[in-house]
Every structure is written in C-alpha cells, then in structure tokens.
Amino acid sequence: MKFTVERDVLSEAVNWTARTVPTRPSVPILAGIRMEASDGVLTLSSFDYEISTRSEVPATVDVAGQALVSGRLLASIAKSLPNQPVQFTLEGPKMSLVCGTSHFTLATMSVDEYPPLPVMPQVRGTIDAQVFSQAIAQVSVAASSDDTIPLLTGVRMEIEDDTITLLGTDRYRLAMREFKWEPAQPGISTALLVKARVLGDVAKSMTSGGSVELAFDTEAAGTANSLIGFASGSRRTTSTLMDGDYPPVRRLFPDDTQIQAVVDRHELVEAVKRVSLVAEQRTSVRLAFEDGQVNLEAGTDDNAQASEVVVATVAGGSLTTAFNPRFLEGGLGVIDTDYVCFSFTDAAKPAVITGQKGESGNQDDSFKYLIMPIRFGI
C-alpha cells in the first residue's frame, strides 16, 4: 500500500472521521481509522457499533491496499504537518508517513478484525443544508445533556410528506422547528428518534454544501438497530436510532394566549446577560412585562443585585415571571429575527417564544421555544 495525498485534504478528512472514534473503546480495535486506497481515492472510515463515518478524498495511489491505524493519533499528526503532500507507505506491520522533512512511523492493527461498516439505508429525500443546520441548532439547544433520562438526549424527527418537524426537550424547555424537504416519493409518514449529538455533528460538518441526503428504512423505524443516514458530498454517516416512546410534548404548546409582548431580541439578549451576572446558581432572572417595557431583575437582598429596563410592546395585561437565565439566553440565541414575541397564558405556566419580523410584523411560527418558569418543570 502506497499513496500520496494533499496535507489540507488529509487533515480535514481525518479529523472529521476521527470525531466518532471512542476515547475509551470497549474493544481496542475500535480506536482505529480504516484507510483504503484504490483507483485514485483514499477512503477513511470509523465505526463504534453505533455511529459510522466514511469520507473519500482524492489521492495518488501507487499501490492499492488498506490499513488500520490509531484514529486520534493520526488526527493529531495530520493537523501538525507542514503544508506539503503527505506520502503513506505500508511496510509490514508499520505505516510510514512522510511530509517534507517530517517522518512518522505508526503501528497498525488487524484490518480483518475490524467490524464491517453498516450499509447505508435507502435515501428518502434531500434537505437544504443551511435550513437543516439552522433547524438542528435551534432544537438541539433544548435537548437534555443528562443521561438520567436517555430518551431526552435525543431529538424527535417527525416526517409527514414534505414537512419535517424536529422536537427537543429537557423537561424545562421545549423547542420545535418545522421546515420543508424534498422527499424522493410522496406520502412518507414516520417518526425517528435521533441522538442530539449525532445531529450536532451533522450540522457542524455536513452542511457546507447545497443539500444533505436523508436516508432511513421506513419499515425499520423504531425497531432494534434501525439506522438513519446522512450524506453530503463525499461524506457519509450512519447512526442507530434511539428506541422508546418520546413524551407527547406537542400538547404543551397552549392553544391560545392572553398576554403577548414583543421585544427587540438583541437588546433583550444583552440585558439578560448583564443582569444574570449577579444571579447565583439555581436562581432566576425575573421579568416584569408592563405597558411599554419589560423590567429585568436578578440577585437577592443579601447579595449583589441588578436591574435593567428594555422597551417592549405589551398587549393583554401585565405579568411578572422568572426564568433560568441560561435557558432564556439559549432560546433567544437561536432565533434569527430582530424581534421576539413572548406569549403567556399566566405567570405560572410556560411562555412560548417565537421570532417576529419587525416590531409590528408577522410572527414566524416555524420555530417555537417553550420555557417553564423557574419553579416548575415539564
């Protein structure tokens, strides 16, 4: 096995593939990246029995072959190399790497013992890459990072014909985003539960192109070891779907609200950041919505305090509530409009935050962020 590849191309591909290499693998061989060179293409792949990645890059292949080397070590080396072509040569049980005056020798592992990558499911349609990236960011912010309730570390993906709805919750906030996609055939109706961290990786590394292919087996959705796949350009990744009944969170959005307040999003975000500097852990930022303004306060009488007033258009009456400042910032931060609208039924019930185009424009209901008052949980 002998091939040459450009340094930048190698570094980007290796580091993307190494993202799924486990830090403490259950089987030592899973710490490897498989390298396969043939017909002018270098294929890099990794697999930990749950998530697989595969990337193809152009290479000058003198001798075809394959090898398995430490993924994280190769990624570290690739990032540190000078900007010159990199030549790999397999010499018995060792892989030789030469780049300019730099020379490395890596130990290899048995390729025959490495598990085969799962077969990519059938492609069901395509999603605009930028829309998908934004939707993932908006919903993942509300997914739980606590493994105490594993289901809540996932994002529910509901697919009804040409509409996809993403849902994420950690019991104290709920995010929902709807967007259109281009199904390969009409009439698809299914729900998939995908690990939020998998979608996060897709959003970061596979949405630079024009579209992302979405692949899954409709018959296998929700069954043991069922897969979802994403493809963009020369990159492919698959993940096992999560199994279980996601809570019926849609019902938490109120049918109607009595009080609404429209606020400049940028001003509100900065105000929340400032007053929350004095909010101790597990304490809240208090918001009093009144005619023409929202008054923000944080802190206690015995410690530091802060307050700030932001102009707001309030309709339906006055209301005072309190939120976890981190959760409030998280929701406001993923909305892309200049104004936001808070909708309330009463102070003890959750608020629904949506984007609004202009101070008196229409609400953008494609994304909804529901946040519970500080003393309540979903």
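Since we're looking at a predicted model, the values are computed, not measured. All residue numbers in this chain count up from 1 along the given sequence.
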Engineer: Using the ring of each side chain (for Trp, its six-membered ring), is Tyr172 parallel, tilted or perpendicular to Phe327, with breaks at 30° and 60°?
Structural biologist: parallel
Engineer: Determine whether Met157 and Trp181 fall in the same hydrophobic cluster, where Ile, Leu, Val, Met, Phe, Trp and Tyr are linked whenever their side-chain heavy atoms lie under 4.5 Å apart.
Structural biologist: yes
Engineer: Hey, are the side chains of Val111 and Arg34 touching, using non-hydrogen atoms and a 4.5 Å cut-off?
Structural biologist: yes
Engineer: With a 3.5 Å cut-off and no angle check, do the side chains of Thr20 and Ser46 form a donor-acceptor pair?
Structural biologist: yes
Engineer: For the residue pair Thr354 and Tyr369, establish whether any side-chain heavy-atom pair is separated by less than 4.5 Å.
Structural biologist: no
Engineer: What distance do Leu296 atom CG and Arg274 atom CZ have between them, rounded to the nearest 0.5 Å?
Structural biologist: 9.5 Å
Engineer: Check whether the side chains of Thr237 and Thr53 place a donor and an acceptor atom closer than 3.5 Å, and report yes or no.
Structural biologist: no
Engineer: Looking only at heavy atoms, what is the nearest atom pair of Val14 and Ile33, with distance?
Structural biologist: O-CD1, 4.0 Å
Engineer: Is there a path from Met206 to Val155 through hydrophobic residues (I, L, V, M, F, W, Y) whose side chains come within less than 4.5 Å of each other?
Structural biologist: yes
Engineer: Is there side-chain contact between Glu158 and Arg250, with at least one heavy-atom pair below 4.5 Å?
Structural biologist: yes
Engineer: So how far is it from Arg171 CZ to Met372 CE, rounded to the nearest 0.5 Å?
Structural biologist: 11.0 Å
Engineer: Test of understanding: with side-chain contact (heavy atoms from CB on, under 4.5 Å), list the residues that count as partners of Leu277, not counting sequence neighbours.
Structural biologist: none
Engineer: Looking only at non-hydrogen atoms, find the nearest pair between Ser205 and Trp16 and report the distance.
Structural biologist: OG-NE1, 2.7 Å
Engineer: Once rounded to the nearest 0.5 Å, what's the spacing between atom CD of Glu182 and atom CD of Glu213?
Structural biologist: 11.5 Å
Engineer: Against Leu287, only a single residue in Val310, Thr320, Leu328, Leu319 fulfils side-chain contact (heavy atoms from CB on, under 4.5 Å); can you say which?
Structural biologist: Leu328
Engineer: Does either side chain, that of Asp364 or that of Ser366, offer a donor lying less than 3.5 Å from an acceptor on the other one?
Structural biologist: yes
Engineer: What distance separates Cys341 SG from Ile353 CD1, expressed to the nearest 0.5 Å?
Structural biologist: 9.5 Å
Engineer: Strictly distance-based, threshold 3.5 Å: is any side-chain N or O of Arg236 a donor or acceptor partner for the main-chain N or O of Gly233?
Structural biologist: yes
Engineer: To the nearest 0.5 Å, what is the distance between CZ on Phe367 and CD on Glu178?
Structural biologist: 12.0 Å
Engineer: Count the heavy atoms of every other residue, nucleotide or ligand shown that sit under 6.0 Å from CG of Asn303, and state whether that count exceeds 12.
Structural biologist: yes
Engineer: Can you tell if the side chain of Val340 reaches within under 4.5 Å of the side chain of Leu332, non-hydrogen atoms only?
Structural biologist: yes
Engineer: Is the side chain of Ser133 donor-acceptor paired with the backbone N or O of Ala129 at a distance under 3.5 Å, no angle test?
Structural biologist: no
Engineer: If the condition is side-chain hydrogen bond (donor to acceptor under 3.5 Å, both in side chains), which residues does Asn83 pass it with, not counting sequence neighbours?
Structural biologist: none
Engineer: Relative to the ring of Phe342, is the ring of Phe289 parallel (under 30°), tilted (30 to 60°) or perpendicular (over 60°)?
Structural biologist: tilted
Engineer: Measure the OG-CZ distance between Ser38 and Phe3 for me, rounded to the nearest 0.5 Å.
Structural biologist: 11.0 Å
Engineer: So, Glu56 and Arg54, do they make that salt bridge, N to O below 4.0 Å?
Structural biologist: yes
Engineer: How would you list, by chain and number, every residue that makes a side-chain contact (heavy atoms from CB on, under 4.5 Å) with Gln258, sequence neighbours excluded?
Structural biologist: Asp256, Thr345
Engineer: Dump the intermediate steps for side-chain contact (heavy atoms from CB on, under 4.5 Å) on Arg265 and Asp338, then the final yes or no.
Structural biologist: CA-CA 6 Å; Arg265 184 180 68 87; Asp338 290 334; 5.6 Å; no
Engineer: Between Leu74 and Leu90, is there a shared hydrophobic cluster once you connect ILVMFWY residues whose side-chain heavy atoms come closer than 4.5 Å?
Structural biologist: yes
Engineer: In terms of side-chain heavy atoms, does Ser318 have a donor or acceptor partner in Glu290 at a distance below 3.5 Å?
Structural biologist: no
Engineer: For atom CD of Gln84, decide whether the heavy atoms of other residues, nucleotides or ligands shown that lie under 6.0 angstrom number more than 12.
Structural biologist: yes
Engineer: For Phe88 and Met35, run side-chain contact (heavy atoms from CB on, under 4.5 Å): C-alpha distance rounded to whole Å, both residues' side-chain angles, the deciding distance at 0.1 Å, then the answer.
Structural biologist: CA-CA 10 Å; Phe88 288 82; Met35 310 176 73; 3.9 Å; yes
Engineer: Give the C-alpha distance, both sets of side-chain angles, the deciding distance and a yes or no for salt bridge (charged side-chain N to carboxylate O under 4.0 Å, His left out) between Glu329 and Lys273.
Structural biologist: CA-CA 8 Å; Glu329 280 186 52; Lys273 288 180 179 178; 5.0 Å; no
Engineer: Any side-chain heavy atom of Met1 within less than 4.5 Å of one from Asp62?
Structural biologist: no
Engineer: Considering all heavy atoms of both residues, which atom of Phe323 and which atom of Ala351 are nearest to each other, and what is their separation?
Structural biologist: CZ-CB, 3.8 Å
Engineer: With sequence neighbours excluded, what pairs up with Phe253 under the side-chain contact (heavy atoms from CB on, under 4.5 Å) test?
Structural biologist: Leu174, Met176, Val352, Lys368, Leu370
Engineer: Using a 4.5 Å cut-off on heavy atoms from C-beta on, say whether the side chain of Val309 contacts that of Gln293.
Structural biologist: yes
Engineer: I need the minimum non-hydrogen distance between Val278 and Ala298, along with the two atoms involved.
Structural biologist: CG2-O, 3.5 Å
Engineer: What residues form a side-chain contact (heavy atoms from CB on, under 4.5 Å) with Arg197, not counting sequence neighbours?
Structural biologist: Glu50, Ile51, Lys195
Engineer: Hey, mind stepping through Leu73 and Leu106 against side-chain contact (heavy atoms from CB on, under 4.5 Å) and telling me if it holds?
Structural biologist: CA-CA 9 Å; Leu73 178 57; Leu106 307 179; 3.8 Å; yes
Engineer: Any side-chain donor-acceptor pair under 3.5 Å between Ser96 and Thr105?
Structural biologist: no
Engineer: For the residue pair Ile159 and Leu214, establish whether any side-chain heavy-atom pair is separated by less than 4.5 Å.
Structural biologist: yes
Engineer: Hey, are Thr148 and Asp146 close enough side-chain-wise for a donor-acceptor pair under 3.5 Å?
Structural biologist: yes
Engineer: Of the options Arg19, Arg7, Arg235, which is the one that meets Glu12 in a salt bridge (Lys or Arg N to Asp or Glu O under 4.0 Å)?
Structural biologist: Arg235
Engineer: Please report the shortest heavy-atom distance between Tyr246 and Leu152, naming the atom on each side.
Structural biologist: CE1-CD2, 4.3 Å
Engineer: In the structure I gave you, are the side-chain heavy atoms of Asp39 and Val61 within less than 4.5 Å of one another anywhere?
Structural biologist: no
Engineer: Between Ser52 and Pro118, is there a donor-acceptor pair closer than 3.5 Å when you use the side chain of the first and the backbone of the second?
Structural biologist: no
Engineer: For the hydrophobic clusters of this structure (ILVMFWY residues joined by side-chain heavy atoms under 4.5 Å, transitively), does one cluster hold both Val262 and Phe344?
Structural biologist: no
Engineer: At their closest point, which heavy atom of Met109 faces which heavy atom of Ile29, and how far apart are they?
Structural biologist: SD-CA, 4.1 Å
Engineer: Between the side chain of Asp8 and the main-chain N/O of Ser11, is any donor-acceptor distance below 3.5 Å?
Structural biologist: no
Engineer: Would you tell me whether Gln122 and Asp217 have side-chain atoms, one donor and one acceptor, within less than 3.5 Å of each other?
Structural biologist: no
Engineer: Cut-off 3.5 Å, side chains only: do Gln356 and Thr337 have a donor facing an acceptor?
Structural biologist: no
Engineer: Please list, chain by chain and in numerical order, all residues satisfying salt bridge (Lys or Arg N to Asp or Glu O under 4.0 Å) with Asp162, sequence neighbours excluded.
Structural biologist: Lys180
Engineer: State whether the side chain of Asp161 and the backbone N or O of Gly187 hold a donor-acceptor pair below 3.5 Å, judged by distance alone.
Structural biologist: yes
Engineer: Check whether Val123 and Ile127 end up in the same hydrophobic cluster, where Ile, Leu, Val, Met, Phe, Trp and Tyr are linked by side-chain heavy atoms less than 4.5 Å apart.
Structural biologist: no
